[in-house]
Amino acid sequence: MAFAATLGALTDELIEAIASTSSQSDPARFNVLKESSLRRLRHHNFLRTNQFEVEEKLNGFEERFRVVNKDGLANALRERLDALAHVSDKLTPEILYLLLQLEDQPVKKSKLSDLELLKELDEDSGPPLKWDDIAKEEGWDQDRDLWENVNFEGGSSEDEYFESTSDISSDDENTSLSSIEAGFQKTSAGFLVNTEGEDRLSQVRETQLWRNSVPQKDAAGKSLKITISEFQAVREVLSMLNGLENTLFDAKGVPSLHYQLKHISWEVYKALLGSFGEAGRQLSVLRAFVRQPQHVPLLQVFREAVESRLRIFDCEISKLQARYVDIRQDVIVSLTRILDDVRPHLQPLESLSVIIQQLQQSKYPRPFNYLELLFDAAGVAQLEGNDVVYEFIATLFFECFQVYLRSIRLWMESGELIDGDKTFFISSSSSQAPMDQVWTNQFTLRKTSDGTLYVPRFLQPTASKILTTGKSVVVLKLLGKYQSIDTSMPEPSLEVNGGFASAYGIFAPFSEVFHHVFEKWMESKHHAASTTLRRTLFESCSLFSILDALHRVYFMSDGSQSNEFAFAIFKNIDLLGPGWSDRFGLTALAREVFSNLSNAHRITVSVSINSIISDDAVVRRSVQEGLPLIRIIYRLSWPIRIILSDESLCQYQEVFTFLLQLRRASYVLHKYRLVSDRVAGTANTSSDQATYYGLRSKLLWFCNTLHSYLATLVLVPLTAQLRVSLQQAADVSDMITSHSMFAKQVIDEMCLGSKLVPIRRGILEMFDLTIRLQDARQLESEREQEEEQELSRLSVMSSPSRHNSRKYITSEEEEDETFLLNQDISSMMQDKEKTFAEVLNEIRADFDRHLKFISSGLRGVARASGNTAATKWDTLAEMLEVGIQERR
């Protein structure tokens, strides 16, 4: 109840103050306003004021006071904020926020003197102290001589006059003023003006009469020119060049046609004024540019540089004016002489004026556009052999480039970007990227809407290197290996203050001069960061050991381990069991097989669930159906993921799948071995068996040839080349490029690229022929067993040794004779409807057809392609043509 009463009373006061109404003057309106106000106050859903935002805004006012040179207000504000911190409560942010909402241009309207009104008057301060009281107390109130002026000079009539006037004025003064205050008061004598020299004033007025003269007319009514002296023309020309108002030229440097020199023809006079007028027009462009306020630091430094050049030029003009004012020797008054004297100073400024006009005519100029124009203008001046303009423009370029260099230096040294800097060509993502994607996604080169780099043209060759250096620093900070650059070591200077011809030779192009200076400066930043990061990746992150582990897993460089893993998968496929797609079992198997690798626990095996084939028999019959679904993953630390991109790891997986398919074909061919005729009990002399052995040997030859090609000509040489290129890489970008090129070369030389899809399909068809051949042989063996069993049953005299006369047994059956006892073997075989001879003939025809297609296709692609893998394709085609020649 107490709170409600307090709130109601405060609401009444608020309504009376704002609405100027009360319960007595207008009860109805007052009650309506009170009810609505109370309802809003009681049921408001606003959050509390952000005290940090209020504090930041008050600190911002302090900073703005100091920027506009109001340090007194800034100190007073800081003093009161510090005092407020000791007496604040929970409502203090609300009150300060209300005051901030009511502020009205405090930087412009605040006065330090207004603070005096806040001071409380001391009622017991006593009467004010006066000089009369002091004089009475000291006893010198009656001493009148104390106030008389002392004459320190010899007497004169003029001095007597001023002394008398001073005595008279002193009688009228308030004796309460001290002698010090009286000394600063101006008397009536101070207002007297000496009027001597009126003749000189008249002479000055006569010399300026020509400015207001009215042109006379001749008998024909044509206006005559006003004749002026050459000295007057020189004065007007020098004033115009200084940017001052004059009579002969307007603000844009256009000469007036109403005047003419006495001793010069009109054409010569017009030509002279035209030359000066063009110079004035160019200077007016510069003076108009320096009057324009600039808000971008890059343009502010350019404006300041132009203003300093104009100031130097004005000093030179002042020296020329002093020649005619403070005459110390004979001087010839001549406009031609003036033109010759100012031309060396005007020529660089005219070139600068052209650059500013080009900048102003640009439709959408970028802040660094003037740097590009200065760079191009310096090169053109050098080609023209104009050393003065060349040195002027080049020096100006390097001076302005220092500001743009601040962003580059901060990025390359600290890996940081200036907040809100839209002129820099490197941008950061708005969201924080994962650590393994910091290199690729966090920082990028800024581009325009049409896809071009937002980089000055003269920096485009080095933009990528600058980006790489900063990203190296960022990664080093994340790794905790960053060390700031030693500031005691001086960095190469980027200031070229004249002497271009002597320092770089007269024939050295300006672009080469700049790139030489900038590359030298940039290398001092780039080398330290890149070297430290490379050493960290090699030593702390064990990059080479990780690559060796990847090659053993994906490239199957260790044949025994790879066979142990692959053969276990093949056995499960042949058993038609679900074990080949069990990711948990496969992961455990892979970790057991590759247990000697570092971080073997990082290996996982997965099978694409969405693509698993329901019929396991289809997986058994073809290497193209089930094996591509098996994916082996070696989880890498995020620093290594910077070098090994996702695209490269996908290419590693493609290599693993292809090698697994090759091993499947070889496994099938080696799985069944021939029982000797002596054990079988019969000689193997049929033509079908001879055909079978010939096809089996050819398929073995094809698989061995392909395996030899991949191992000796592709994987081993490229792996060795990768190690060398990584060691020789200058920075991480070169390492990423080297590894990406390595992965792409492996894919191309293994015939797995997009251009060789038909050839790859033909190779996989050859692998499927091995499975089809062994299925046909298995069916034929079963038929022979059935026939022999039938004959043994019908023949009473059959030998017991012929009951089990199988010609082929498997390596599994040698160890476990219960192999597939519970399986229907015929259900998973191919070509059950055909005879053994028909199947062999079809396989032989398909083998010859695929071999010719693969060989001729590789030859054709190698000849037509300019790829570096073309020589390897040609070599593989030559190796495969051996089988075609033997067939012939």
Side-chain angles (χ1 to χ4, degrees), residues 406-419 421 424-447 453 455 459 462-487 491 521-550 598-599 602 634-649 652 722-723 725-743:
R406 294 176 185 173
S407 301
I408 301 178
R409 178 183 288 107
L410 180 64
W411 170 250
M412 296 184 71
E413 291 182 354
S414 305
E416 300 174 0
L417 299 175
I418 301 176
D419 295 337
D421 187 5
F424 195 39
F425 56 84
I426 296 176
S427 61
S428 175
S429 175
S430 56
S431 59
Q432 182 63 36
M435 297 181 72
D436 59 334
Q437 299 179 11
V438 168
W439 188 275
T440 56
N441 299 334
Q442 186 66 42
F443 302 99
T444 56
L445 292 175
R446 198 188 302 272
K447 295 184 178 181
L453 290 177
V455 185
L459 287 181
T462 58
S464 299
K465 195 171 184 179
I466 295 173
L467 175 64
T468 299
T469 305
K471 290 195 293 187
S472 299
V473 174
V474 172
V475 174
L476 284 174
K477 287 184 175 180
L478 294 176
L479 290 171
K481 303 291 184 179
Y482 172 71
Q483 294 181 354
S484 59
I485 297 178
D486 187 6
T487 56
E491 66 177 14
W521 177 88
M522 188 173 60
E523 190 61 28
S524 64
K525 315 291 182 184
H526 174 77
H527 179 72
S530 60
T531 303
T532 305
L533 183 56
R534 285 179 64 254
R535 185 172 59 251
T536 302
L537 291 175
F538 286 136
E539 297 177 0
S540 301
C541 300
S542 303
L543 176 60
F544 281 142
S545 62
I546 296 296
L547 287 176
D548 291 339
L550 290 175
S598 61
N599 300 324
R602 293 178 177 268
Y634 190 98
R635 290 182 289 109
L636 305 172
S637 59
W638 70 266
I640 303 299
R641 289 292 302 274
I642 294 177
I643 308 299
L644 279 67
S645 62
D646 294 338
E647 182 181 1
S648 299
L649 293 178
Y652 273 46
L722 173 64
R723 296 180 69 92
S725 60
L726 289 177
Q727 290 176 342
Q728 296 177 350
D731 50 36
V732 173
S733 292
D734 291 346
M735 296 173 67
I736 296 174
T737 303
S738 298
H739 185 268
S740 298
M741 292 179 61
F742 160 76

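Under the 4.5 Å side-chain criterion, counting only non-hydrogen atoms from C-beta, Gln442 is in contact with Gln432. A 4.5 Å side-chain heavy-atom check between Ser427 and Thr444 finds at least one atom pair inside the cut-off. With contacts defined as side-chain heavy-atom distances shorter than 4.5 Å, the pair Lys465/Glu523 qualifies. For the pair Leu537/Ile642, no side-chain contact is recorded, criterion being any heavy-atom separation below 4.5 Å from C-beta on. The side-chain heavy atoms of Leu644 and Leu550, taken from C-beta on, include a pair separated by under 4.5 Å. The shortest distance between side-chain heavy atoms of Thr440 and Ser645 does not fall below 4.5 Å. Contact annotation: the side chain of Asp436 approaches that of Pro434 to within less than 4.5 Å [non-hydrogen atoms, C-beta and beyond]. Glu413 has its side chain out of reach of Thr469: every pair of non-hydrogen atoms, C-beta onward, lies at least 4.5 Å apart.
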Passes side chain to side chain contact (heavy atoms under 4.5 Å, CB included), Phe742 versus His739? Steps please. CA-CA 5 Å; Phe742 160 76; His739 185 268; 4.3 Å; yes
Going through the distances and angles, do Trp439 and Ile643 end up as a side chain to side chain contact (heavy atoms under 4.5 Å, CB included)? CA-CA 9 Å; Trp439 188 275; Ile643 308 299; over 6 Å; no
Full working for side chain to side chain contact (heavy atoms under 4.5 Å, CB included) between Trp411 and Leu467: CA-CA 8 Å; Trp411 170 250; Leu467 175 64; 4.0 Å; yes
Evaluate side chain to side chain contact (heavy atoms under 4.5 Å, CB included) for Leu726 paired with Phe544, printing each intermediate quantity in order. CA-CA 9 Å; Leu726 289 177; Phe544 281 142; 4.0 Å; yes
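Nearest heavy-atom pair across Asn599 and Tyr634 is O-OH, 3.7 Å. Nearest approach of Asn441 to Ala433, heavy atoms of both residues: CB-CB, 4.5 Å. Taking each heavy atom of Val473 and Ala529 in turn, the nearest pair found is CG2-CB, 3.9 Å.
For CD of Glu647, the number of neighbouring non-hydrogen atoms (other residues, nucleotides, ligands) closer than 6.0 Å is 12 at most. At most 12 heavy atoms of other shown residues, nucleotides or ligands fall within 6.0 angstrom of atom CE in Met741.
Although no hydrogens or angles enter the test, the distance criterion places no donor-acceptor pair under 3.5 Å between the side chain of Arg534 and the main chain of Ala730.
Screening residues 468-482 for salt bridge (Lys or Arg N to Asp or Glu O under 4.0 Å) gives Glu416-Lys477 as the qualifying pairs, with residues at least two apart or on separate chains. Residue pairs satisfying the side chain to side chain donor-acceptor pair (under 3.5 Å) criterion with at least one member in residues 725-736, sequence neighbours excluded, are listed as follows: Thr468-Ser733, His526-Asp731.
To the nearest 0.5 Å, atom OG of residue Ser738 and atom CZ of residue Arg723 are 14.0 Å apart. With rounding to the nearest 0.5 Å, the separation of SG in Cys541 from CG in Leu479 is 5.5 Å. Taken to the nearest 0.5 Å, the CZ atom of Arg641 stands 8.0 Å off from the CD atom of Gln437. With rounding to the nearest 0.5 Å, the separation of CD1 in Ile426 from CD1 in Ile408 is 8.0 Å.
Residues meeting the side-chain contact (heavy atoms from CB on, under 4.5 Å) test with Ser542, sequence neighbours left out: Ser545. In this view, Ile418 and Ser407, Leu410, Asp421 satisfy the side-chain contact (heavy atoms from CB on, under 4.5 Å) rule, not counting sequence neighbours. For Thr462, the side-chain contact (heavy atoms from CB on, under 4.5 Å) partners are Leu459, Ile466, Phe518, Glu519, Met522, not counting sequence neighbours. In terms of the side-chain contact (heavy atoms from CB on, under 4.5 Å) criterion, residue partners of Leu453 (sequence neighbours excluded) are, by chain and number, Leu445, Lys447, Val455.
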